[in-house]
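Take a look at the structure below.
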Amino acid sequence: MPWTIEEVLSLLRNEYDVQSWWPSSSAFEVALGAILTQQTRWENVLLCLDSLRDHGLLDVERLAAADTSLLEELIRPCGFFRQKAHRIQYLCRHILDVHGGETAGMLQGGLDECRRELMSLPGIGPETADSILLYGGGRPVFVAASYCLRVLNRTGACSFQDYEEVRENVEQELGPDPLALGDLYALLVELAKEHCRKQPICKGCPLETRCSFKVGRT
DNA sequence: ACCCAGGTGTTTC
DNA sequence: GAAACACATGGG
């Protein structure tokens, strides 16, 4: 018997606490974190956000005007620092030029339009765009990252392979509930951290009874 | 000395 | 179209 997405969510909610999983004081900070965390551990992201805060750079206008070399040095621990510095400053200029410096304003329009707009920016793909919309804008979207997809596939909760199809399927199943959608992504990431990466077989994994599988590259 | 992380963009078959 | 590669630091 395959699991339903609601069952996976419910079971994982009993297993992990993701109350303040994406700590942030503003939509802009979420956007910065979303870019910095690409292919990077979250602890390093927090470090870099603190550095930016210390330099008074958690601000759209000041970050846009900041010296690029300085920004690169401050975010160096997050890796890909040249690419990420450029992506961040491009985003800042976009928010200033198109949305009068209001990050929240960029996340308030029609959902499909917002997604397309974000993904048209350099270095913002589907996962980054959806993270910003979900955790920064409180919009009801699911981040269908590859390991989420893998677990949902293996448990039989979702049989799609394509990012967009999985996203829409989960959104359909859970309904337009940002808390549920945000929790599910966070919980699946936590599950992957604890089990799926450490050992080839999901030993001790809460989903083990029906989900025992080898982990491939993401 | 390897392998990988809360991805994305470009190049190549 | 999919696969392979580049981007880069830090921790296990």
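Order of the sequence lines fixes the chain letters, A, B, ..., with proteins taken first and strands second; residue numbering starts at 1 for each chain. Since the structure is predicted, the reported quantities are computational estimates derived from the model, not experimental observations.
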Just list the side-chain donor-acceptor pairs under 3.5 Å for residues 70-77 of chain A, sequence neighbours left out, or say none.
from: E73(A); atom 1: OE1; to: R76(A); atom 2: NH1; distance (Å): 3.4
from: E73(A); atom 1: OE2; to: R76(A); atom 2: NH1; distance (Å): 3.2

Subject >> Audit row: L32(A), I88(A), side-chain contact (heavy atoms from CB on, under 4.5 Å) steps and yes/no >> reply: CA-CA 7 Å; L32(A) 290 182; I88(A) 285 169; 3.6 Å; yes
Subject >> Rounded interatomic separation in angstrom, taking CD1 from I35(A) and C1' from dT8(B) >> reply: 11 Å
Original post:
Taking CZ from R150(A) and C1' from dA5(B), how many angstroms apart are they, rounded to a whole number?
Top reply: 13 Å
Original post:
If you draw a 6.0 Å radius around CZ in R62(A), do more than 12 non-hydrogen atoms from other residues or ligands fall strictly inside?
Top reply: no
Subject >> P spacing across the pair dA8(C) / dT10(B), given as an integer number of angstrom >> reply: 14 Å
Subject >> Y163(A) OH - dG9(B) C1' separation (whole Å) >> reply: 17 Å
Subject >> ring-ring contact (aromatic ring centres under 6.0 Å, His included) partners of W42(A), counting only residues at least two apart >> reply: W22(A)
All N/O contacts under 3.5 Å from nucleotides 9-12 of chain C to the protein, with atom names and distances to one decimal?
from: dT9(C); atom 1: OP1; to: R76(A); atom 2: NH2; distance (Å): 3.3

Subject >> Nearest-Å distance once atom C1' is located in both dA2(C) and dA5(B) >> reply: 24 Å
Subject >> Inter- and intrachain pairs under side chain to side chain donor-acceptor pair (under 3.5 Å), touching residues 170-182 of chain A, at least two apart >> reply: R167(A)-E171(A)
Subject >> Gap separating the CD atom of E127(A) from the OG atom of S131(A), nearest 0.5 angstrom >> reply: 7.0 Å
Subject >> I75(A) CD1 to dC7(C) C1', straight-line distance once rounded to whole Å >> reply: 12 Å
**OP:** Output, in order, the C-alpha distance, side-chain angles, deciding distance and verdict of side-chain contact (heavy atoms from CB on, under 4.5 Å) for E194(A) and Y16(A).
**Re:** CA-CA 10 Å; E194(A) 187 164 340; Y16(A) 304 105; 3.0 Å; yes
Subject >> Between P of dG9(B) and NZ of K84(A), the distance in whole Å >> reply: 13 Å
Subject >> Within 6.0 Å of OH in Y90(A), more than 12 heavy atoms from elsewhere >> reply: no
Subject >> Length of the line joining Q38(A):CD and dA6(C):C1', which is rounded to integer Å >> reply: 14 Å
**OP:** Give the rounded distance in Å between these two atoms: CD of Q83(A) and P of dA6(C).
**Re:** 13 Å
**OP:** Mind running a 4.0 Å heavy-atom check of residues 118-125 of chain A against DNA chain C and sending the residues that fall below it, in number order?
**Re:** none
Original post:
What's the CG-C1' distance between D162(A) and dG1(C), to the nearest Å?
Top reply: 13 Å
Original post:
How would you list all residue pairs meeting salt bridge (Lys or Arg N to Asp or Glu O under 4.0 Å) that involve residues 178-187 of chain A, not counting sequence neighbours?
Top reply: R13(A)-D183(A)
